[in-house]
Amino acid sequence: KKLLHWILLSRSLLAGNAGKSSGDSSDLGENRPRTVEGVIQNAISSAENSALLVLEHASPSRWQLKCQAAKSATLALQELAALCQEEDVAIQDSPHFNPIVAKKTCQKRCTEKPSTSADVTSLLNGPSSYAILHLREMTTSACGSAVATLDHAE
């Protein structure tokens, strides 16, 4: 969950759109509908709110900030792949890299009832999102950064 947060935080820094999501921070967690889309939006909103803390001290257009954000996202994706290998899960079967498995797993977690106190805490925080469910946002940020670099806008 934390690795995905770093990836989405990096995406927010690359895009320079921290805190500009359609939902606000009061809409996190239990107030959102328990659907795959709600889980995705919670993860994005949480990362954008974290990016606000960084952007209070640095300009979103600074190439140094974008460079570090790209490095952080790359390292987090590599760590996700390494975790799959450590857990003896093939990358193509991991919910972080397979969209079908991710949606099924997320949907299952959205509908299941808690059985322990740890499950109740997890339920209040909402189910975890998966990296593949954010592919569109990550691709858009990567392409935008590449184009800005090629156009010497950075």
Side-chain angles (χ1 to χ4, degrees), residues 1-87 91 94-99 102-103 105-107 109-110 114 117-154:
K1 192 171 184 174
K2 291 198 183 280
L3 287 173
L4 178 62
H5 184 78
W6 276 102
I7 292 168
L8 295 175
L9 170 65
S10 298
R11 183 209 58 92
S12 293
L13 294 173
L14 282 168
N17 66 348
K20 295 180 184 172
S21 68
S22 57
D24 60 22
S25 60
S26 64
D27 201 21
L28 291 174
E30 61 198 58
N31 296 333
R32 282 257 166 116
R34 296 189 58 78
T35 63
V36 174
E37 187 58 35
V39 170
I40 291 169
Q41 288 305 314
N42 276 347
I44 291 170
S45 294
S46 175
E48 287 178 351
N49 288 335
S50 295
L52 278 174
L53 298 173
V54 174
L55 295 177
E56 286 177 359
H57 303 286
S59 168
S61 62
R62 298 290 300 179
W63 68 267
Q64 296 93 337
L65 177 65
K66 292 184 180 204
C67 180
Q68 292 303 317
K71 279 185 185 178
S72 297
T74 301
L75 290 172
L77 280 171
Q78 289 171 342
E79 284 299 311
L80 277 176
L83 281 174
C84 290
Q85 290 176 344
E86 286 176 16
E87 295 172 356
I91 287 181
S94 167
H96 281 292
F97 297 99
N98 184 326
K103 283 184 181 177
T105 305
C106 190
Q107 239 167 358
R109 288 187 176 173
C110 284
S117 62
D119 290 342
V120 170
T121 302
S122 175
L123 185 65
L124 291 175
N125 293 333
S128 299
S129 189
Y130 297 102
I132 195 69
L133 298 176
H134 302 275
L135 186 62
R136 181 181 64 219
E137 293 92 1
M138 291 188 288
T139 304
T140 301
S141 295
C143 290
S145 295
V147 169
T149 302
L150 288 173
D151 287 343
H152 301 290
E154 295 295 320

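Just the heavy atoms: all of them, side chains too, but no hydrogens, waters or symmetry mates, feed the values below.
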Report the distance from atom [atom1] of [X] to atom [atom2] of [Y], rounding to the nearest 0.5 Å.
X	Y	atom1	atom2	result
R11	S72	CZ	OG	14.5 Å
L13	C67	CG	SG	12.5 Å
Q41	S129	CD	OG	9.5 Å
S46	L8	OG	CG	8.5 Å
S10	K71	OG	NZ	12.0 Å

Does the side chain of [Y] come within less than 4.5 Å of [X]'s, by heavy atoms?
X	Y	answer
L83	L3	yes
H96	I132	no
L9	E48	no
N42	V39	no
L4	S128	no

Taking all non-hydrogen atoms of both residues into account, name the closest pair between [X] and [Y] and its distance.
X	Y	value
P95	T105	CB-OG1, 4.4 Å
A73	I7	O-CG1, 4.1 Å
M138	A131	CE-O, 3.2 Å
W6	A76	CB-CB, 4.3 Å

* To do: Return yes if some donor-acceptor pair links the side-chain N/O of T139 with the main-chain N/O of L135 below 3.5 Å, else return no.
  => yes
* Run the side chain to side chain contact (heavy atoms under 4.5 Å, CB included) check on L75 and Q78 step by step: do they pass? -> CA-CA 5 Å; L75 290 172; Q78 289 171 342; 3.7 Å; yes
* Asked: So Y130 and N98, side chain to side chain contact (heavy atoms under 4.5 Å, CB included) or not? Walk me through it.
  -> CA-CA 9 Å; Y130 297 102; N98 184 326; over 6 Å; no
* To do: Flag the pair K103 and E37 as a salt bridge only when some basic side-chain nitrogen lies within less than 4.0 angstrom of an acidic carboxylate oxygen.
  => no
